[in-house]
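The structure appears right after this line, and notes come after that.
Order of the sequence lines fixes the chain letters, A, B, ..., with proteins taken first and strands second; residue numbering starts at 1 for each chain. Keep in mind it's a predicted model, so treat the numbers as computed, not measured.
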2 protein chains.
Amino acid sequence: MRSRFMQIAGEALRERGYKLTEPRLAILDYLARHDGHPAIQEIYKGIRKKHPGIGMATVYRTLDLFTSLGLVRVLTLESSRLHYEINWPHAHHHHLICTVCGRVIEFSNCNFQQLAAEIEKAAQFTIEEHTIKAYGKCSQCDRSR
Amino acid sequence: MRSRFMQIAGEALRERGYKLTEPRLAILDYLARHDGHPAIQEIYKGIRKKHPGIGMATVYRTLDLFTSLGLVRVLTLESSRLHYEINWPHAHHHHLICTVCGRVIEFSNCNFQQLAAEIEKAAQFTIEEHTIKAYGKCSQCDRSR
DNA sequence: ATGGTAACTGATAATGATTATCATTACCTG
DNA sequence: CAGGTAATGATAATCATTATCAGTTACCAT
């Protein structure tokens, strides 16, 4: 059973002339099967269970490619390394980050669009994307709850 | 003439028992005199013009300290390194980042507060801070303008 | 003012993520 | 199924950041 994401992503690669190689398929499969926001190192460990030959450099290259194709979204959850998530075009959302345990929770309420036109006009800027990060404490870590 | 920021920051350090050392004062002075969002490397180069003895490790340590005291805010404008800006408590703002030239423009329209309570309730999360980054093209780089 | 002391610093090495290099491999098209 | 080329894996190189540690300095009590 191939996931919907695998189908769409495979299509996107083929359409633009990129080969459907083992590392690319393995990474797509990993992302499709694991919800969350993995860093490269986690993806690398994950895919090497089934594909021990895949090298770290390839994982970096592949995620750069997927990012440029809009298949994944890059998240700066930690300052020392990047995280990635599947980019579903119609699943607009942002992230809450617990400053105690590091947990990441998604939220989909977003009223930024209401402001965008105003900002664009004032700053003479064309907005194409936006990200919101909210820091605080999750229910596990906030004793006062 | 000592700037308002220098006064406030110096006070904050003294109050909490931190010494007013040459590197700390030099970095405060640099930040007060240079608007913008410098990375560590720029701050280091900047202060070494007047204070050639200050080492890179001290700049890192000092900015970590200033961040923990709320004197500066950390920005993840680039994936490879952190940037810093003075944190004026009553000058809430966020950033537009040009994907062509890298220019960073501030905007102060922010309606996130309107949403925060709703998100907190839905996600069982206590929000303490938030950041918004909008990516796109500045007027210089957007030919269609 | 001075001296003691802990906080702070500068130099350096160590770490960890990411990028560059390059010879080899494996997708795809015909 | 063979050939050309994009893609890969291994390795080294780079760059930001952190850790270490011996020497220095700001500050308080004298």
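Among the heavy atoms of the strands, none lies under 4.0 Å from A:E22.
When the C1' atom of C:dA11 is taken as reference, atom CD1 of B:I54 falls 14 Å away, rounded to whole Å. We find that NZ of A:K45 is positioned 9 Å from P of C:dA17, with the value rounded to whole Å. In this structure, CE of A:M56 is placed 8 Å from P of C:dA17, rounded to the nearest angstrom. Regarding B:H83, its NE2 atom lies at a distance of 10 Å from the P atom of D:dA16, rounded to whole Å. Atom OH in B:Y44 sits roughly 14 Å away from atom C1' in D:dT17 (whole-Å rounding). Spacing between atom CG of B:D64 and atom P of D:dA19 amounts to 10 Å, rounded to whole angstrom units. Rounded to a whole Å, the CD atom of A:E42 is 12 Å from the P atom of C:dT18. What separates CG of A:L82 from C1' of D:dT17 is a distance of 15 Å, to the nearest Å.
The side chain of A:S79 places no N or O atom within less than 4.0 Å of a non-bridging phosphate oxygen (OP1 or OP2) of D:dT17. OP1 or OP2 of C:dT18 has at least one side-chain nitrogen or oxygen of A:Q41 nearer than 4.0 Å. Between A:R81 and D:dA16, a side-chain N or O to OP1/OP2 separation shorter than 4.0 Å is absent. Contact annotation: B:S80 side-chain N/O to C:dT18 OP1/OP2 distance is not under 4.0 Å. The phosphate of D:dT17 has OP1 or OP2 within less than 4.0 Å of a side-chain N or O from B:Y60. Residue B:R24 has a polar side-chain atom (N or O) positioned under 4.0 Å from OP1 or OP2 of C:dT9. Taking 4.0 angstrom as the limit, A:T21 places none of its side-chain polar atoms (N or O) nearer than this to OP1 or OP2 of C:dA26.
Mapping A:T58 and B:I40 onto DNA chain D by nearest heavy atom places A:T58 closer to the 5' end of the strand. Remark on DNA chain D: of its neighbouring residues B:A57 and A:V59, the 5'-side contact belongs to A:V59, judged by nearest-heavy-atom nucleotide.
Side-chain heavy atoms closer than 4.5 Å link hydrophobic residues (I, L, V, M, F, W, Y) into clusters, and following such links, even through other members, never connects A:I119 to B:V100. Taking hydrophobic clusters as Ile, Leu, Val, Met, Phe, Trp and Tyr residues chained together by side-chain heavy-atom distances below 4.5 Å, B:Y84 shares a cluster with B:L25.
For the pair B:S139 and B:R103, the tightest heavy-atom approach, listed with the atom from each and the gap, is OG-NH2, 4.2 Å. Looking at every heavy atom in both residues, A:Y44 comes nearest to A:G55 through CE1-C, 3.8 Å.
Looking at the side chain of B:Y18, the nearest of the listed nucleotides D:dA19, C:dC8, C:dC28 is C:dC8. When distances run from any side-chain atom of B:K19 to the nucleotides C:dC8, D:dA10, C:dT18, the shortest one goes to C:dC8. Ranking C:dC28, D:dT8, D:dT20 by closeness to the A:L20 side chain, first place goes to C:dC28.
Note: A:H94 and A:F107 have tilted aromatic rings, judged against thresholds of 30 and 60 degrees for the angle between ring planes.
Judged by distance alone, with hydrogens and angles left aside, the side-chain atoms of B:H130 form no donor-acceptor pair with the main-chain N or O of A:K133 at under 3.5 Å.
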